[in-house]
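The sequence lines fix the lettering, A, B, ..., with proteins before strands; numbering per chain opens at 1.
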Amino acid sequence: MSQKYPEYKGLNLPNVAERVLKNWEENRIFQKSIDTREGNPPFIFTEGPPSANGMPGIHHAMARSIKDIFCRYKTLKGYQVKRKAGWDTHGLPVELKVEKELGITKEDIGTKISIEDYNKACRESVMRYTDEWNKLTEKMGYWVNMDDPYITYESKYMESVWWLLGQIYNKDLMYKGYTIQPYSPKAGTGLSSHEINQPGAYQDVKDTTCVAQFKLKAGEQVPFENANLDLVHFLAWTTTPWTLPSNTALTVGPKIDYVLVKSWNQYTHEPIEVILAKNLVAKQFAKKYKVVESADELVYTKGDKKIPYQVIGECKGTDLEGIKYEQLLDYCQPYEDADKAFVVIPGDFVTTEDGTGIVHTAPTFGADDAMVAKAAGVPPMLILDENETPVPLVDLQGRFRKELNDPTFGLGGEYVKAEYLEGDEAEEELTIQREKLKDIIADLKAYMSVDDRITLKLKIENKAFKIEKYEHSYPHCWRTDKPILYYPLDSWFIKVAENRERLVELNNTINWQPKSTGEGRFGEWLKNANDWNLSRSRYWGIPIPIWTSEDGTEQICISSVEELKAEAQKAVDAGIMDANPLAGFEVGNMSQENYDQVDLHKNYVDQITLVSPTGKPMTREADLIDVWFDSGSVPYAQHHYPFENKELIDDRKGFPSDFIAEGVDQTRGWFYTQHVIAALVFDSVAYKNVMSNGLVLDKFGKKMSKRLGNAVEPFGNLATYGADATRWYMVTNAQPWDNLKFNEDGITEVQRKFFGTLYNTYSFFGLYASIDNFTYSEDEIAINERPEIDRWILSKLNTLIGAVDGSFEAFEPTKAGRLIQAFVNDELSNWYVRLCRRRFWKGDYTTDKISAYQTLYRCLETVAILSSPIAPFYTDELFQDLNSVTGRHQVESVHLADFPKVNEAEIDLDLEEKMGIAQKVSSMVLSLRQGAKLKVRQPLQKIMVPILDGDFARRLEDVKHIVLSETNIKEIDMLEDTEGILVKKIKPNFKTIGPKYGKQMKAIAAMVGQWTSADISSVEANNGWKGELNGEAIELELTDFDIVTDDIPGWLVASEGRMTVALDITLNDELKSEGIARELVSRIQNYRKDSGLEVMDRIQLTFDTNEVVKSAIETNQEYIKAEVLAEGIVFENLEASNHLLADLEEGNTVIGLAKV
RNA sequence: GUGCUAGUAGCUUAGUUGGUUAAAGUCUUUGCCUGAUAAGCAAAGGAGCGGAGGUUCGAGUCCUUCCUAGCACACCA
């Protein structure tokens, strides 16, 4: 044990972090923080897996700081907090990156490159930045066990996922459906709703939209009396004209009013009669049209400025149901039930906010469309391909099928969205189009999209009522950035919708931080949860473990490697497979080697054909499981549950999580999928407390992005400022769930204000404690034997412990940090240490001095522990530096210590109140001095303070010595009887009078404002006021008024709140000479310092000065000698150039100083 | 478009159940103190609380509406 407290040349937080990190490694402190809590209750934390195929950013540091804070806090509180790191390894981002690197597309997989090689490439790519992640984790001081991470591509992990899915399958919560889903032709995959909801997925695009005219079928009737049936058309709007060939129905709202309007087509000028929603008439007949009242005015010839229109009939949507119309674009017919197509059907989702109130319905490309069409028995536009398989009119690459070939307009084989064209394809298409369209457009300048050509065709054929560009937001594939299509796909679904209620119920038991995210955002989302589309038609992921016979009648869902091996063996026995690829797997052997010899990825399991009970071969369903299911499985799969660690989950020893935290942008999916899996499989919550932290924006509040170059690079930041300052800044500057405007100036401020002050306080303590050999070896001085100031700071300290504990407990790290910071700056450094300085460096090693050391030591030690969850590095050094001398704690790191307990006996609220008065009065006196330009060094005779009440007098009496020394005043006068001395001021107390005489408030205030000193005295004498105001009797008590002293005539006065202080600024000779002495002491102290003297060096003083100063020196000789540690003082002539020259009292004083 | 969150001095934030003159820090200017000194104290400057209405004796706090930002949601034709 050392006798000296370590000293440093200055505070360099990055260096501190280096030293502490080394210490942690050498002494395995993290491991010890878990081991020493063995047998204690666990605090279950689950780490959300990041993907290591990208570099970590500063926002990761943010999210990880939050996690770390609570894990460290709970460790201090005695919990055992295991935290297993993990990696998310599957998914489209990895695949797309690999495709790019290999220069291939999805179609090449399985042909140009084997799935096996492809998956190998993915496996190698996905862990590429693992080292950077590990480095960040270490540098920022995030404690998580990285030696044994769970990795989602490992066989054990995948086996657990299969097991979970098997549970869901066996509970009959899965089904295979044919639904319209967001589909990205360029990525070649369907997208989950999570993916559509990636930031930036919805983009504003300008599309060609079209209000098409669907002609009434010959022989049909309409519910309008004087309609010309040859001219009647339904108007329907679409933003995707490419879906018009797939139209098979028009949907109307049954309750909506529709009208028949007579007019002319603006492009062909042919007469038309159109049906649309009543309250959309004005919108559709804008600009070129004008309404007319009578049939007489309903005349039009081509070239007229405006086209007249008139409403000639009205009906309800119901009346239109069942009416047939002519197919708009007759390239194809539905392969079945074609006779039931092209009919008006009802739909509740129809609104009259946009369009025409009649919805163009293409069941193959719209989810609602499919639903209403199915309900009405209208077929989708599916045709049979060369294999006699029903297919939609657009292929999986996003191109029209060849059946749509139009001699003039092309279409067949072309991409339905121009955005899908790559490179020169647009140019090539343009050449073809120029040739084909030359009769219509003489000189085509630019490539015409499919939408543009379809609308052009409709225009020519009198089938387009209006064609416009329209800007709206449309979902885009989050990876390829191309627009998605809604497309019919085969998929596996988990039945989430029918379990919504239970999901909501369970969510209500979760403590969300902030509350609003859980109740509002997440809760609302659960209430409207749709079935979870699990299928992904990709390669690198966990395969759906379902094998089906070719006719679809028999099926098995595999839940383990053991089961797969057994089923494969059956197939071998039945002669369906030659050999069992899992023969080498030893059932029940949980060793890594055993599991390493199996691979459950697609390339491997697709080789396996199983046999059904009736002997039919069964092959695996081609799709993979949505990667969000991987991460939602973490709580179980990280432990290889239920194959290993069964008790962790079953006995609830490691589940549900006590705490999880992730960024709000990234993690909606993770919060959700964990919740769904836990609810469906275990009927439990997955986590009890959850914090969603906000985004890290740049200092202007803009989102950070590499493209804008405003992203903060985390490594450089940590190296410059140190992890402690960055962490402290991030946590204390804004609530974690608010977005953080990341400004490096803020970190500098934290460095200076908090860590600088804390460091200074420690240095101050260390300096003197080392000199005095304070090692905390004396008995703890009883609290009632300590001076007031010590008891005060200890009271504050105990209050702080309670408040910080409560804040951490309530998952409010910002509050905790701010409280600590306020304590260190305002209470400890700027009041306690400042007032107590002399106690540390003056005089003998007395009880008072020991009390001061003990008190300051405890403050520093406690602050170190309290702050350690947020700033793990510096606080550990501080703690260890203190503990290395005193050995008070048997632990080698602050992170192994126990969280301090509140000692209620040390809390003295009355004392805290007193000190508040002392601070207030001192501040007021200093302010008065400032105003009078009287330096604090100049002593003054007295101040007067009017006494407000008995408590105030007692309190002020107790702390008056502090006020006097702080402000350099000789005495304090408490004025009890203030009549005639003080000028008083009275104000009504709105808070108490308001509820009683609300309406009269203004009148009362006005009246009170007029009162004179005499009136105030009378109110005081009568203990209140009674009277009548505006005819109402009013009775006010003394407490309904605030009476404050305002002024003392002839004195320098300051008032704040109810307190008033008056300062006597007259100077006599004695005060003057003392002022001179103090001034000299200050100069000599600086001179000592400049001369390089040690604090304890003793000196001999020589003065060459005038009479005034000389007499002041003589008068205060003992004081000066004691202050500057002078043995003696002599007066003789001195050469100014070799000594200190001071300008005092209108003359020069030369000061000589010699070390003795 | 809908929902959630936020909008308070140049900047970062605090403002409890509505109660008199809106609070800190930072910043700028000025003065001071100091054997903790890249700190500290004091004074001055700077907002009327995103805008507009309303409820109330009284609104930064409650209500309505609009605007801005971020996030989430959306099948929107």
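- Base orientation for G53(B): anti, the chi torsion being more than 90° from 0.
- The separation of G1(B) from G60(B), taken at their C1' atoms, amounts to 30 Å, rounded to a whole angstrom.
- Listed by chain and residue number, nothing satisfies the salt bridge (Lys or Arg N to Asp or Glu O under 4.0 Å) test with Arg818(A) (two or more places apart in sequence, or in another chain).
- RNA chain B lies under 4.0 Å from at least one heavy atom of each of the following residues of residues 820-833 of chain A: Ser829(A), Asn830(A), Val833(A).
- In this structure, the side-chain hydrogen bond (donor to acceptor under 3.5 Å, both in side chains) partners of Arg1098(A), at least two apart in sequence or on a different chain, are Glu1127(A).
- Using a 4.0 Å cut-off, no side-chain N or O of Tyr486(A) falls inside it from OP1 or OP2 of A77(B).
- Comparing C11(B) with G45(B), their C1' atoms sit 15 Å apart, to the nearest whole Å.
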Polar pairs (N or O, both sides) under 3.5 Å between protein and nucleotides 21-27 of chain B?
unit_1	atom_1	unit_2	atom_2	d
U21(B)	O4	Lys987(A)	NZ	2.8
G25(B)	O3'	Lys753(A)	NZ	3.3
G25(B)	O2'	Glu749(A)	OE2	3.2
U26(B)	OP1	Lys753(A)	NZ	3.0

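- Under the rule for a side-chain hydrogen bond (donor to acceptor under 3.5 Å, both in side chains), Ser763(A) has no partner lying at least two apart in sequence or in another chain.
- Look at the C1' atom in both G46(B) and C32(B): the space between them is 23 Å, to the nearest Å.
- Mapping Thr240(A) and Asn733(A) onto RNA chain B via the closest heavy atom, the residue that lands nearer the 5' end is Asn733(A).
- A heavy-atom distance below 4.5 Å is not found between the side chains of Val750(A) and Asn733(A).
- With sequence neighbours excluded, the residues satisfying salt bridge (Lys or Arg N to Asp or Glu O under 4.0 Å) with Asp772(A) are Lys849(A).
- Applying the side-chain hydrogen bond (donor to acceptor under 3.5 Å, both in side chains) definition to pairs two or more places apart or across chains, those involving residues 238-252 of chain A are Thr238(A)-Thr240(A), Thr240(A)-Thr243(A), Thr243(A)-His360(A), Asn247(A)-Tyr325(A), Asn247(A)-His360(A), Thr251(A)-Thr361(A).
- Among residues two or more places apart in sequence or in another chain, the side-chain hydrogen bond (donor to acceptor under 3.5 Å, both in side chains) test is passed with Asp881(A) by Tyr8(A).
- Between Ile747(A) and Trp728(A) there is no side-chain heavy-atom pair separated by less than 4.5 Å.
- Considering only residues two or more places apart in sequence or on other chains, Arg834(A) meets the salt bridge (Lys or Arg N to Asp or Glu O under 4.0 Å) condition with Glu966(A).
- Of the side-chain N and O atoms in Arg834(A), none sit less than 4.0 angstrom from OP1 or OP2 of A36(B).
- The interatomic distance linking Asp738(A) (CG) with G70(B) (P) rounds to 15 Å, in whole Å.
- Taking atom P in both U12(B) and U17(B), one finds a spacing of 26 Å when rounded to whole Å.
- In summary, of the residues considered (Tyr768(A), Phe764(A), Tyr857(A)), a ring-ring contact (aromatic ring centres under 6.0 Å, His included) with Phe840(A) occurs for Phe764(A) alone.
- Annotation: side chain to side chain contact (heavy atoms under 4.5 Å, CB included) contacts of Glu468(A) (sequence neighbours excluded): Thr209(A), Lys287(A), Lys466(A).
- Comparing U61(B) with U20(B), their P atoms are spaced 14 Å from each other, to the whole Å.
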If a pair means Watson-Crick or G-U wobble with both distances below 3.5 Å, what does RNA chain B look like in dot-bracket form, with | marking bases paired to a different strand?
(((((((..((((.....[...))))((((((.......))))))....(((((..]....))))))))))))....

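- The CG-P distance, from Leu758(A) to G40(B), rounds to 14 Å in whole Å.
- The CD1-C1' distance, from Ile256(A) to A77(B), rounds to 12 Å in whole Å.
- Rounded to an integer number of Å, the gap from OH of Tyr672(A) to P of C73(B) is 11 Å.
- One can place CG of Asn693(A) at 22 Å from P of C4(B), the figure rounded to the nearest angstrom.
- Listed pair Ser763(A) / A36(B) fails the phosphate criterion, with no side-chain N or O lying under 4.0 Å from OP1 or OP2.
- Partners of Trp512(A) by side-chain hydrogen bond (donor to acceptor under 3.5 Å, both in side chains), not counting sequence neighbours, listed by chain and number: Asn507(A).
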